[in-house]
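Since the structure comes first, as structure tokens, the remarks are kept for the end.
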Amino acid sequence: MAVCKACEHPLVLEVEDDNGNDEPQYVPDDLEVSCGCHFHWECLLDQAAELAISLKCPSCDAGLATNSAGPSATNPFLQSAPGASILTRYTNEGGVQENYDILPAITEEAYLKSNPEARPAHAYHVMCSEGDVDGIVQLLHDAEQASGDEPAMNAAQLIRYQDPLADSKSGLHLAVEKGQEEVVWLILWIASTLPTSAFPGPAVQAAEAMGIQRPSTLASDDIRALTDNHGRTAEALAAQIGGLWTSIAESGILHPAT
């Protein structure tokens, strides 16, 4: 049986048995890179910082990228050529994924290892994309209660975080992009100068039910003014997407000066 080049253990992952059997259950976890070396997914991810820079196999040092694009001179975790990829063959419990590009995940993990304080912000952006309002509220609450010597973002920094690996989009951009209207209203409630009277009744009731008080937001801190790498505010993105955002964009609710 093939083994992982990093840990030299079989390319399987032990999982819990839903039927309550005492016998250990195993599923495939085999990530084969273009040079023919095999790794567990987590084992390769553990070497993300080096792999994101070198674009070479951690075991045999073979080049893995589909082109010669090296890391960015200003940020080693941001690839200079958008077309760069590391194609693999990944076999797991769900089956076989051919030509699975692991470079985005490797780049993201390398960045987060170098900037651990950004992990909660990354989680916040995932929640904005998925519409997890309760998760967002809990995360922001935890950020306010956090203490310790480790670098950490406060709630205000989390809300305004712009992901350098995702075109510098904010949580508001992502909520618009993914059609998460409830999240949009929540973010506007806690990070914009939009008058309370402009919010729909259900949005106000939801915020009050969760005990979320509106903070005093300066015009200079209004999240609606943030732009992504393409110079788009959330308002511009909403107008571009159209659909359910057409009436909201036309109403000016997403306009920073409203």
Side-chain angles (χ1 to χ4, degrees), residues 3-9 11 13 29-92 97-130 139 143 146 148-154 157-171 173-174 177-178 226 228-230:
V3 297
C4 173
K5 286 289 188 178
C7 69
E8 299 186 345
H9 290 162
L11 293 160
L13 185 67
D29 183 28
D30 181 358
L31 187 68
E32 181 183 1
V33 291
S34 58
C35 58
C37 292
H38 294 253
F39 298 88
H40 293 113
W41 171 248
E42 287 296 332
C43 287
L44 192 62
L45 207 60
D46 286 342
Q47 303 182 64
E50 296 81 8
L51 179 53
I53 295 174
S54 71
L55 304 180
K56 294 181 179 180
C57 175
S59 177
C60 70
D61 210 34
L64 299 179
T66 57
N67 61 33
S68 58
S72 165
T74 57
N75 188 332
F77 302 129
L78 300 181
Q79 295 300 318
S80 58
S85 61
I86 296 179
L87 301 181
T88 67
R89 185 176 191 266
Y90 186 36
T91 305
N92 60 8
Q97 300 179 63
E98 300 284 358
N99 297 319
Y100 174 48
D101 183 10
I102 64 169
L103 186 56
I106 291 294
T107 303
E108 179 180 276
E109 182 62 20
Y111 175 78
L112 292 176
K113 283 185 176 181
S114 179
N115 301 272
E117 71 279 3
R119 284 195 182 276
H122 174 67
Y124 163 65
H125 275 197
V126 171
M127 293 173 186
C128 289
S129 297
E130 296 179 349
L139 184 66
D149 298 329
E150 294 296 322
M153 294 185 186
N154 59 35
Q157 291 171 320
L158 281 176
I159 294 168
R160 291 177 55 82
Y161 177 74
Q162 293 179 265
D163 190 350
L165 302 182
D167 289 335
S168 291
K169 293 174 184 172
S170 68
H173 283 92
L174 293 172
E177 184 175 76
K178 300 300 182 180
L226 297 181
D228 64 13
N229 283 348
H230 302 287

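Computed from heavy atoms alone, side chains included, the values below leave out hydrogens, waters and symmetry copies. For reference, positions follow the sequence shown, starting with 1. Given the structure is predicted, the values throughout are model-derived calculations rather than measurements.
- When all heavy atoms are compared, the tightest approach of Pro120 to Leu139 is O-CD2, 3.4 Å.
- A distance-only check finds a donor-acceptor pair linking the side chain of Gln157 to the backbone of Asn154 [under 3.5 Å].
- Of the possible donor and acceptor atoms, none in the side chain of Ser170 sits under 3.5 Å from a partner among the backbone N and O of Gln162.
- Side chains of His40 and Asp29: a donor-acceptor N/O pair is absent below 3.5 angstrom, by distance only.
- Between Cys57 atom SG and Gln47 atom CD the span is 8.5 Å, to the nearest 0.5 Å.
- Summarising the geometry of Ala110 relative to Ala49, their closest heavy-atom pair is CB-CA, 3.8 Å, with the distance given to 0.1 Å.
- Asp30 places none of its side-chain heavy atoms less than 4.5 Å from the side chain of Arg89.
- Within 6.0 Å of CD in Glu8 there are 12 or fewer heavy atoms belonging to other residues, nucleotides or ligands.
- In terms of modelled atom types and a separation under 3.5 Å, the side chain of Asp167 and the main chain of Lys169 share no donor-acceptor contact.
- Heavy-atom minimum distance, Val3 versus Leu11: C-CG, 3.9 Å.
- The side-chain heavy atoms of Leu64 and Leu55, taken from C-beta on, include no pair separated by under 4.5 Å.
- Of all heavy-atom pairs between Ser34 and Gly63, the closest is OG-O, 4.1 Å.
- With respect to Leu87, the side chain to side chain contact (heavy atoms under 4.5 Å, CB included) criterion is satisfied by exactly one of Ile102, Asp101, Leu103: Asp101.
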Evaluate the criterion side-chain contact (heavy atoms from CB on, under 4.5 Å) for residue pair Gln97 and Asn92; output intermediate values, then yes/no. CA-CA 8 Å; Gln97 300 179 63; Asn92 60 8; 3.9 Å; yes
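- Taking the side chain as every heavy atom from C-beta outward, Phe39 and Leu45 never approach each other to under 4.5 Å.
- Residue Leu44 holds its CG atom at 5.5 Å from CG of Leu31, rounded to the nearest 0.5 Å.
- For His125, the ring-ring contact (aromatic ring centres under 6.0 Å, His included) criterion is met by Tyr161, not counting sequence neighbours.
- Taking NE2 from His122 and CG from Leu165, the interatomic distance works out to 9.0 Å, rounded to the nearest 0.5 Å.
- Considering only heavy atoms from C-beta on, Lys113 comes within 4.5 Å of Arg119 through its side chain.
- The residues Lys5 and Glu32 are annotated as not salt-bridged, no charged nitrogen and carboxylate oxygen being separated by less than 4.0 angstrom.
- A pairwise comparison of heavy atoms in Ala121 and Met153 identifies CB-SD, 3.9 Å as the closest pair.
- The aromatic rings of Tyr90 and Tyr100 sit parallel, their planes meeting at an angle under 30°, below the 60° perpendicular limit.
- In this structure, Glu130 CD and Leu174 CG are separated by 11.0 Å, a value rounded to the nearest 0.5 Å.
- Looking only at distances, no side-chain donor or acceptor of Asp163 sits under 3.5 Å from a matching main-chain atom of Ser168.
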